[in-house]
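Read the structure below first, then the notes.
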Amino acid sequence: MNKEKKYLVTSALPYANGALHLGHLAGAYLPADIFVRYLRQTGRDVVFVCGSDEHGAAITMRAKKEGVSPQEIIDKYHALNKDTFQRLGISFDYYHRTSAPLHFETAQEFFLQLYRKGGEFEERTSEQYFDEEYQQFLADRYITGTCPRCGHTEAYGDQCEKCGSALSPTELIDPVSTLSGAKPVLRPTKHWYFKLDKHAGWLREWIEKGLLDGKQHHDPRLWKKHVVGQCLSWLDVEGGLQPRAITRDLDWGIPVPLDEAAGKVLYVWFDAPIGYISSTKQWAIDNGRDWEEYWKGDQVELVHFIGKDNIVFHCIVFPAMLKAHGDFALPVNVPANQFLNFEGQKFSKSKGWGIEQHEYLEAFRDFPNCEDALRYALIRIMPENRDSDFRWDDFVEYHDKELADNLGNFVNRVVVLTNKYFDGQVPAVDAFPAELAQVRDLIDQLCREIESYNFRAALQLLMDVSSFGNTYLQEVSPWQLWKEDPDHPEVRKCLYSCVQIVALLAALTEPFIPFTAAKIRKLVGWTDAADARLGDLLDRLANDQAPLAAGHRIGEPELLFAKINDRKDQSRLAIVESQKAKLQAILEAEKQSEHEPVKPTIQFDDFTKLDIRTGTILEAEKIPKAKKLLKLTVDLGFERRTIVSGIAEFFEPEGIVGKKVIVLANLAPRSLKGVESQGMILMAENEKGELAFVAPPDGWSDGFAVR
RNA sequence: GGCGUGGUAGCUCAGCUGGUCAGAGCGCAGGAUUCAUAAUCCUGAGGUCGGGAGUUCAAGCCUCCCCCACGCUACCA
């Protein structure tokens, strides 16, 4: 890596309508922090920015639901997230927010640049729901209605939370405005679309080969396979990239800076990534620097740390925006992580499954060095290339076995021995020990891993350094030699080397577990963080110079980690156990109540509108290219019907021929996968989503009513 | 169904462009040791590298087919 480079590192902007959980931390914030701390330590010019993403309908919805203003929502979560990151040691140079005037300006300028340049946008007018009472167009989320798929009566305009279907507002049956409660009407409205499709060509070359304008921009082999794979699958998707709307009819957001666009704001996905730019600008203003050095020119190394849900925006949409704008550098890497699960299940706020960052800090308040305990465990299982799972038992194991027994114990035994044998002073030796050269090799490997975004491997090498120290110490066993001769040269040499290794660990731990790094610095008698700069220490090692001079006085012994499984003190184990108990309680509660609430009361007349009949399945076959659909021929006694049913995941076609069924016979026909379905088979569904036939007894006649 | 990513010792996982790649950690079983937080160190375990076929002098690593898990996507009238 080149020291002339200007590194600009970003972590995904958290959406300011909620707290973040451990999965977010492991996915986008910890890896970025490791990378940035390492770059700083090796003398690179780096700026690390982030901030709150504070626009979009989800925030206004939440505000409305809680009866507060959107401003109160974003203020609350901006402060919470910012504070929590700081407490966890995530070392942003600037944590901005997209509600700041500077960001408005930046985003509007960006929009205007593309607008004036021409060729990047197109205008489209479409029919969208409008609330006449409130005189405004309704965002998807502001419309509820009955889901056309599952019949859920409170589906949103963009998706049904019951069956998970992605919807568009016009699909909803009986749509209702959540503002007025009235039925919205369709009205034409104009929006601006970013012509993503015209960028597909160079994007492919850039992602596949790392080429940009014919020049090598980055090494595509350093990009994660799943990142490249997902991008290419988007470029390959049927019809290719499509123009994307970048404006919305909403009153919460950044106004579109055109006279003809009153009442319209920039769509949140357009405005949010520009937040990286405005965050850098604010940092530059506060520090008397030039933000453009980090965004423009050949020396810029832009790296986006995100979760895999954001790959498309950061690898396709935002790069296309930057390229279209013209002045900006494109990311050299987007090391997206996969997802972290929690004790075998997805994090779920509604179920209470998982733990949020600030909850952890609260629950582990009395746990010494709890920040690093968490950072270590999360790095250890970081979902770099596949989904991974956080388990409290692993957390305990990593903390006790690796941090306390391996690292903490090594540091402690060296500090104790040095104090005991040499009055706390680094002993003198004749020559640079070969052991330190071996450690230097490990450190070199560690650096390479970090620079390749392999943080788990780097962490393993950190532990290897400590293990090397333990093994070496054990081999020499200076305590035995010392008993025979306190002046034995091997004793001096051994402890000299070990103290130097501890000093190196003070530097090596800094990117991963910075709170511990500070403690180790104190143990080796360093008062200034600058003493433990890895870059300087590596320069010294390269010249066969050790970090600490003979005669240097180190500190008094002090434990770095208090084990969780401690015979004398159960308090830390109790904290972990209470977390496990909490999860157990959720599982229990789940078993108890798995029943959805009863729908609103209807009249008998409503029921009599349904024509439900008995029937028999005569034929069944799978519909090609559909996972769930079976095409059934059903005998209703008086006629035969073709019915498409989404039961293929649970029933083999041959297994259900002859089966008695109950059919909703007067349902309007609808075509599915090219087959017209003339009715619906009634099925019972349990809490796992499994289906079972509801049917009259075998032998019952077909075509008779169910009432 | 389409696309993507994975399926390696009991568990968690490393294995880059094919030839010490059959490995590490944990667990387990022996042994050594006492400076240290019941810590440390040494030794052992013999897993058809999801299944099958193929390419090659040589294949976890390349090709094809199949199975399984996860994600995205279409579809449960």
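In what follows, every chain begins at residue 1, and chains take the letters A, B, ... in the order their sequences are listed.
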**Q.** Upstream residue (5' side of RNA chain B) when Gln474(A) and Lys225(A) are each assigned their closest nucleotide
**A.** Lys225(A)
Q.
Taking the nucleotide of RNA chain B with the nearest heavy atom to each, does Lys420(A) or Tyr398(A) sit closer to the 5' end?
A. Tyr398(A)
Sugar-phosphate only, base, or nothing, as touched by [X] at under 4.0 Å among non-hydrogen atoms:
{"X": "Gln480(A)", "answer": "sugar-phosphate"}
{"X": "Asp387(A)", "answer": "sugar-phosphate"}
{"X": "Ser388(A)", "answer": "nothing"}
{"X": "Lys346(A)", "answer": "sugar-phosphate"}
{"X": "Arg380(A)", "answer": "nothing"}
{"X": "Leu559(A)", "answer": "base"}
{"X": "Phe410(A)", "answer": "nothing"}
{"X": "Gly408(A)", "answer": "base"}

If I pick the [atom1] atom on [M] and the same atom on [N], what distance separates them, to the nearest angstrom?
{"N": "rU12(B)", "M": "rG54(B)", "atom1": "P", "value": "33 Å"}
{"N": "rC3(B)", "M": "rA9(B)", "atom1": "C1'", "value": "33 Å"}
{"N": "rU48(B)", "M": "rU43(B)", "atom1": "P", "value": "25 Å"}
{"N": "rC61(B)", "M": "rA29(B)", "atom1": "P", "value": "36 Å"}
{"N": "rA45(B)", "M": "rG4(B)", "atom1": "P", "value": "41 Å"}
{"N": "rG2(B)", "M": "rU20(B)", "atom1": "C1'", "value": "43 Å"}
{"N": "rG15(B)", "M": "rC62(B)", "atom1": "P", "value": "14 Å"}
{"N": "rG46(B)", "M": "rC68(B)", "atom1": "P", "value": "32 Å"}

Q) rG60(B): syn or anti, with syn meaning chi within 90° of zero? A) syn
Can you figure out which of [options] approaches the side chain of [X] most closely?
{"X": "Leu629(A)", "options": "rG27(B), rA36(B), rC75(B)", "value": "rC75(B)"}
{"X": "Arg413(A)", "options": "rA74(B), rA36(B), rU37(B)", "value": "rA36(B)"}
{"X": "Arg386(A)", "options": "rC35(B), rU40(B), rG6(B)", "value": "rG6(B)"}
{"X": "Trp479(A)", "options": "rC35(B), rA39(B), rC75(B)", "value": "rC35(B)"}
{"X": "His226(A)", "options": "rU37(B), rU5(B), rC75(B)", "value": "rU5(B)"}
{"X": "Asn412(A)", "options": "rC41(B), rU37(B), rC35(B)", "value": "rU37(B)"}
{"X": "Val416(A)", "options": "rU37(B), rU5(B), rA36(B)", "value": "rA36(B)"}
{"X": "Lys483(A)", "options": "rC41(B), rC35(B), rA39(B)", "value": "rC35(B)"}

Q: Look at the side-chain N and O atoms of Lys224(A) and state whether any lies under 4.0 Å from the OP1 or OP2 oxygen of rU5(B).
A: no
Q.
Looking at Lys308(A), I'd like to know whether one of its side-chain N or O atoms comes within less than 4.0 Å of OP1 or OP2 on rC70(B).
A. no
**Q.** Heavy-atom closest contact (Leu667(A) atom, Met680(A) atom, distance)
**A.** CD2-CB, 3.7 Å
Spacing of [X] atom [atom1] relative to [N] atom [atom2], expressed in whole Å:
{"X": "Leu417(A)", "N": "rA36(B)", "atom1": "CG", "atom2": "P", "answer": "8 Å"}
{"X": "Asn341(A)", "N": "rC70(B)", "atom1": "CG", "atom2": "C1'", "answer": "9 Å"}
{"X": "Leu560(A)", "N": "rU37(B)", "atom1": "CG", "atom2": "P", "answer": "13 Å"}
{"X": "Glu484(A)", "N": "rU34(B)", "atom1": "CD", "atom2": "P", "answer": "11 Å"}
{"X": "Asp394(A)", "N": "rC26(B)", "atom1": "CG", "atom2": "C1'", "answer": "10 Å"}
{"X": "Lys519(A)", "N": "rU37(B)", "atom1": "NZ", "atom2": "P", "answer": "16 Å"}
{"X": "Glu475(A)", "N": "rC35(B)", "atom1": "CD", "atom2": "P", "answer": "19 Å"}
{"X": "Met463(A)", "N": "rA24(B)", "atom1": "CE", "atom2": "P", "answer": "19 Å"}

**Q.** Member of Asn333(A), Val334(A), Asn337(A) meeting the side-chain contact (heavy atoms from CB on, under 4.5 Å) criterion with Lys224(A)
**A.** Asn337(A)
Q: Scan Val414(A), Leu407(A), Asn412(A) and name whichever one has a side-chain contact (heavy atoms from CB on, under 4.5 Å) with Phe410(A).
A: Val414(A)
Q: Hunt down any stem RNA chain B takes part in, defined as 3 or more consecutive Watson-Crick or G-U pairs whose two distances are each under 3.5 Å.
A: B:1-7 with B:67-73, B:10-13 with B:23-26, B:28-32 with B:40-44, B:50-54 with B:62-66
No-hydrogen, no-angle side-chain donor-acceptor test under 3.5 Å, [X] and [Y]:
{"X": "Asn341(A)", "Y": "Ser388(A)", "value": "no"}
{"X": "Gln678(A)", "Y": "Arg640(A)", "value": "no"}
{"X": "Asp566(A)", "Y": "Gln570(A)", "value": "no"}
{"X": "Arg448(A)", "Y": "Asn454(A)", "value": "no"}
{"X": "Ser571(A)", "Y": "Asp569(A)", "value": "yes"}

Test your reading of the model: is there a side-chain donor-acceptor pair from [X] to the backbone of [Y], 3.5 Å cut-off?
{"X": "Asp702(A)", "Y": "Leu636(A)", "result": "no"}
{"X": "Arg553(A)", "Y": "Asp423(A)", "result": "yes"}
{"X": "Gln216(A)", "Y": "Lys209(A)", "result": "yes"}

Q) Using the ring of each side chain (for Trp, its six-membered ring), is His304(A) parallel, tilted or perpendicular to Phe318(A), with breaks at 30° and 60°? A) tilted
Q: Determine, for nucleotides 62-68 of chain B in 5'-to-3' order, which nucleotides have protein heavy atoms under 4.0 Å from the base (write B), from only the sugar-phosphate (write S), or from neither (write -).
A: -------
(Q) Within the structure provided, determine whether Trp353(A) and Phe347(A) are in side-chain contact (heavy-atom separation under 4.5 Å). (A) no
